[in-house]
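Below, chains carry the letters A, B, ... as their sequence lines are ordered, and counting in each starts from 1. Quantities reported herein were computed from a predicted structural model and do not represent experimental measurements.
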Amino acid sequence: MDESEILPDVPKVLEFLKERNIPIALGSASKNAQPILEKVGTKKLFDEIEIPLVEVLAAMEKEGINLNVAFLKSLSTDLASESNALEQKIYKIAGETFNLASPKQLGDILFDKLKIGGAKPKKTKTGQYATGEEVLSYLAKDHEIVSSILEWRQLVKLQNTYVDALPNQVDAKTGRVHTDYMQTVAATGRLSSNNPNLQNIPIRTERGKQIRKAFIARDENHTLLAADYSQIELRIIAALSGEDNMIKAFKDGEDIHRSTASKVFNVPLEEVTKEQRSNAKTVNFGIIYGVSAFGLSNQTDLSRSESAELIEAYYKTYPKLRAYMSEQVDFARDNGYVQTVLGRRRYLKDINSANAMVRGGAERNAVNAPIQGSAADIIKIAMINIHKRLIAENWQSKILLQVHDELVFDVHNSELEKIQPMIKFEMENAFKLEVPLTVDLGLGKDWLEAH
DNA sequence: TCTCTGCTCAC
DNA sequence: CAAGTGAGCAGAGAC
């Protein structure tokens with residue numbers, strides 16, 4: 001392949017920018033972001049992380065990943081016949097045909113014609129009926145048409161966004177799929193991926209998972225390796241807050257959600273129920289995002305007062321977490337930004353806004369950005385170090401994909417035994433925290449099997 | 001053809 | 001009022 005057709009000469013471009021003092025904004029997607037290269041404290045991040053990462057990303061993009069197109073074609077046929085059957089069933093119940101893919105038309109059918117769901121159906125900000133997953137799931141229990149619509153939506157989403165779209169993105173010259181990684185889009189320092197986005201390939205549902213089977217190793221001499229950080233964001237918040245109870249749980253290798261449930265519900269580890277663990281898991285993630293009692297009750301079976309109690313019990317269990325979060329907000333108020341472990345900044349112009357809702361948003365950003373951004377910092381270090389070793393030590397294996405807390409490799413079968421400890425070591429030791437970082441490895445002919 | 005909206009996929 | 005970060009699809013309407 002002629003590289004010059006698809007890749008700019010990266011070192012030359014960077015030299016050009018540097019010579020002319022043209023700043024490259026890091027993580028500045030939002031309108032309120034400021035170019036931060038000139039700000040003190042970020043030059044090291046730029047020189048030692050973002051610039052070295054450019055070559056790693058270029059290599060990954062150029063390498064691409066092998067796609068089983070024939071498999072997707074047959075998946076497409078199955079999805080089409082199932083969604084068509086559902087569509088006919090829905091029209092029959094509705095008593096007429098309409099464009100099922102139009103939320104506007106669907107809302108009119110469900111709430112004007114069929115009068116489903118009581119007197120005051122939820123509306124969107126433009127005044128049309130809301131038909132999102134949350135609304136329909138609530139109604140699905142009592143109305144077969146609604147559960148069929150949800151199932152139809154899922155099948156059509158999978159077909160349109162992945163199964164039918166991906167084969168069209170196979171490069172004619174390489175026969176592989178080459179995503180673009182964007183280094184300066186996400187406000188927190190994460191990468192983003194497009195054309196195609198390989199960071200949102202389905203995994204949650206049984207049907208969605210099938211799509212991962214289409215991402216396969218280069219050939220019979222290769223195996224896919226997926227390496228993902230276990231609970232990296234919770235480990236980071238534990239370490240940055242110095243919250244001893246959470247740090248200890250991680251040091252002891254406990255299941256963090258079970259451990260949290262045991263503490264907040266005050267039951268022995270072995271007696272934690274499924275529901276308790278699930279609710280503790282929801283709070284653990286919610287804390288990182290700045291969830292309210294209202295939000296938690298929406299996400300669980302708990303009432304609002306039960307949710308408020310759970311959050312209170314959570315902060316009693318992990319007192320330093322609350323202190324840390326409020327310190328982050330104070331820091332942002334005083335300095336106008338927050339930062340990650342590597343000094344990556346996110347500016348928060350709304351942190352002192354008079355509008356409580358706007359200010360609340362900025363306060364959640366003040367807590368979340370250092371967590372999400374530090375995780376991004378750490379995996380970037382690992383990527384740079386692994387790539388360096390793959391080259392210097394003449395490995396045949398390649399990094400293919402990054403999905404925020406996961407790296408995917410095409411491993412030459414002759415290297416299978418030796419490369420696993422190398423990758424695990426580099427990822428787990430990319431950055432030293434008070435909490436150990438642990439990485440799970442999986443192998444397979446395809447991405448699903450490797451997980 | 002372009003932009004916005006509503007929706008849904010991932011971490 | 002009410003959970004962070006993204007990308008991409010089809011529909012709908014402006015031009």
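Interface remark: the Q199(A) side chain does not form any donor-acceptor pair with the dG6(C) base, using a distance-only criterion of under 3.5 Å. At a cut-off of 3.5 angstrom, the base of dA3(C) holds at least one donor-acceptor pair with the side chain of Q299(A).
Here ring pair (Phe, Tyr, Trp, His ring centres under 6.0 Å) pairs that include residues 66-102 of chain A, with residues two or more places apart or in two chains, are Y91(A)-F98(A).
Residue S292(A) has a polar side-chain atom (N or O) positioned under 4.0 Å from OP1 or OP2 of dA3(C). OP1 or OP2 of dG4(C) sits under 4.0 Å from a side-chain N or O of R364(A). In this structure, N197(A) does not reach the dG8(C) phosphate: none of its side-chain N or O atoms is under 4.0 Å from OP1 or OP2.
Proximity of residues 443-451 of chain A to DNA chain B (heavy atom under 4.0 angstrom from any strand atom) is not detected for any residue. Contacts between residues 398-406 of chain A and DNA chain B, defined by a heavy-atom separation under 4.0 Å, are made by V403(A), H404(A), D405(A).
The side chain of A101(A) has dA10(C) as its nearest neighbour among dA10(C), dG4(C), dG6(C). Side-chain proximity of N195(A) to dT5(C), dA10(C), dG8(C): nearest is dG8(C). Listed nucleotides dG6(C), dT5(C), dA3(C) differ in distance to T282(A); the shortest reach to its side chain belongs to dA3(C).
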| task | Begin from the C-alpha positions of R190(A) and E233(A) and carry the test salt bridge (Lys or Arg N to Asp or Glu O under 4.0 Å) through to its verdict. | result | CA-CA 13 Å; R190(A) 274 190 177 185; E233(A) 292 190 352; 3.7 Å; yes
| task | Before giving the answer on side-chain hydrogen bond (donor to acceptor under 3.5 Å, both in side chains), spell out for S147(A) and E144(A) the whole-Å C-alpha distance, their side-chain angles and the decisive distance to 0.1 Å. | result | CA-CA 5 Å; S147(A) 54; E144(A) 195 183 358; over 6 Å; no
Table please: side-chain donor-acceptor pairs of residues 78-86 of chain A below 3.5 Å, with sequence neighbours left out.
from   : atom 1 : to      : atom 2 : distance (Å)
S81(A) : OG     : D78(A)  : O      : 3.2
E82(A) : OE1    : R207(A) : NH1    : 3.0
E82(A) : OE2    : R207(A) : NH1    : 2.8
E82(A) : OE2    : R207(A) : NH2    : 3.2
S83(A) : OG     : L79(A)  : O      : 3.0
S83(A) : OG     : A80(A)  : O      : 3.2
N84(A) : ND2    : A80(A)  : O      : 3.1

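As rounded to whole Å, 13 Å separates atom P of dG4(C) from atom CD of E233(A). R359(A) places its CZ atom 12 Å from the C1' atom of dC1(C), with the value rounded to the nearest Å. The distance from atom CG of N368(A) to atom P of dA3(C) is 13 Å, rounded to the nearest whole Å. What separates CG of N284(A) from C1' of dA3(C) is a distance of 14 Å, to the nearest Å. Atom C1' of nucleotide dA12(C) and atom CD of Q128(A) are separated by 9 Å, given to the nearest angstrom. One atom, CG of L191(A), and another, C1' of dG6(C), lie 11 Å apart when rounded to the nearest Å. Atom C1' of nucleotide dG4(C) and atom OH of Y289(A) are separated by 6 Å, given to the nearest angstrom. Distance R346(A) CZ to dG4(C) C1': 8 Å, rounded to the nearest Å.
Of the residues near DNA chain C, A165(A) and F285(A), the one whose nearest nucleotide (by heavy atom distance) lies more toward the 5' end is F285(A). Comparing G295(A) and N200(A), the nucleotide of DNA chain C nearest to each residue sits closer to the 5' end for G295(A).
At a threshold of 4.0 Å, the pair E312(A)-R322(A) counts as salt-bridged, since one of the basic side-chain nitrogens sits closer than that to a carboxylate oxygen. One finds a salt bridge joining E48(A) and K44(A) here, because a Lys/Arg side-chain nitrogen approaches an Asp/Glu carboxylate oxygen to under 4.0 Å. A salt bridge does not link R212(A) to E449(A): none of the charged side-chain nitrogens sits closer than 4.0 Å to a carboxylate oxygen. Comment: K380(A) does not engage D377(A) in a salt bridge, judged by the lack of any side-chain N to carboxylate O separation of less than 4.0 angstrom. Salt bridge absent: E134(A) and K122(A) never bring a charged side-chain N and a carboxylate O closer than 4.0 Å. R218(A) has a carboxylate O that lies under 4.0 Å from a charged side-chain N of E63(A), or vice versa, which qualifies the two as a salt bridge.
At the heavy-atom level, I201(A) lies under 4.0 Å from the strands shown only through sugar-phosphate atoms. Contact annotation for G290(A): backbone-only contact, meaning every heavy-atom pair under 4.0 Å involves sugar-phosphate atoms and none involves a base. Using a 4.0 Å heavy-atom distance criterion, N365(A) is classed as a sugar-phosphate-only contact. Contact annotation for Q372(A): base contact, defined as any heavy-atom pair under 4.0 Å involving a base atom. No engagement by A375(A) is indicated, since no non-hydrogen atom pair under 4.0 Å with the nucleic acid exists.
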Pairs under 3.5 angstrom, nitrogen or oxygen only, protein versus nucleotides 13-15 of chain C, please.
none

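Ring-plane geometry between W447(A) and F215(A) is classed as perpendicular, the angle between the planes exceeding 60 degrees on a 0 to 90 degree scale with a lower cut at 30. Ring geometry for Y337(A) against F331(A) counts as perpendicular: the plane angle is over 60°, on a 0 to 90° scale with 30° as the lower cut. Ring geometry for Y314(A) against Y318(A) counts as perpendicular: the plane angle is over 60°, on a 0 to 90° scale with 30° as the lower cut.
First and last contacting nucleotides of DNA chain B toward chain A (any atom under 4.0 angstrom from a heavy atom, 5' to 3' order): dT5(B) to dC11(B).
Remark: aromatic rings of Y138(A) and H143(A) are distant, center separation not under 6.0 Å.
You'll find the side chain of H178(A) reaches within 4.5 Å of the side chain of T174(A), heavy atoms only.
Of all heavy-atom pairs spanning N284(A) and I256(A), the tightest one is ND2-O, 3.9 Å.
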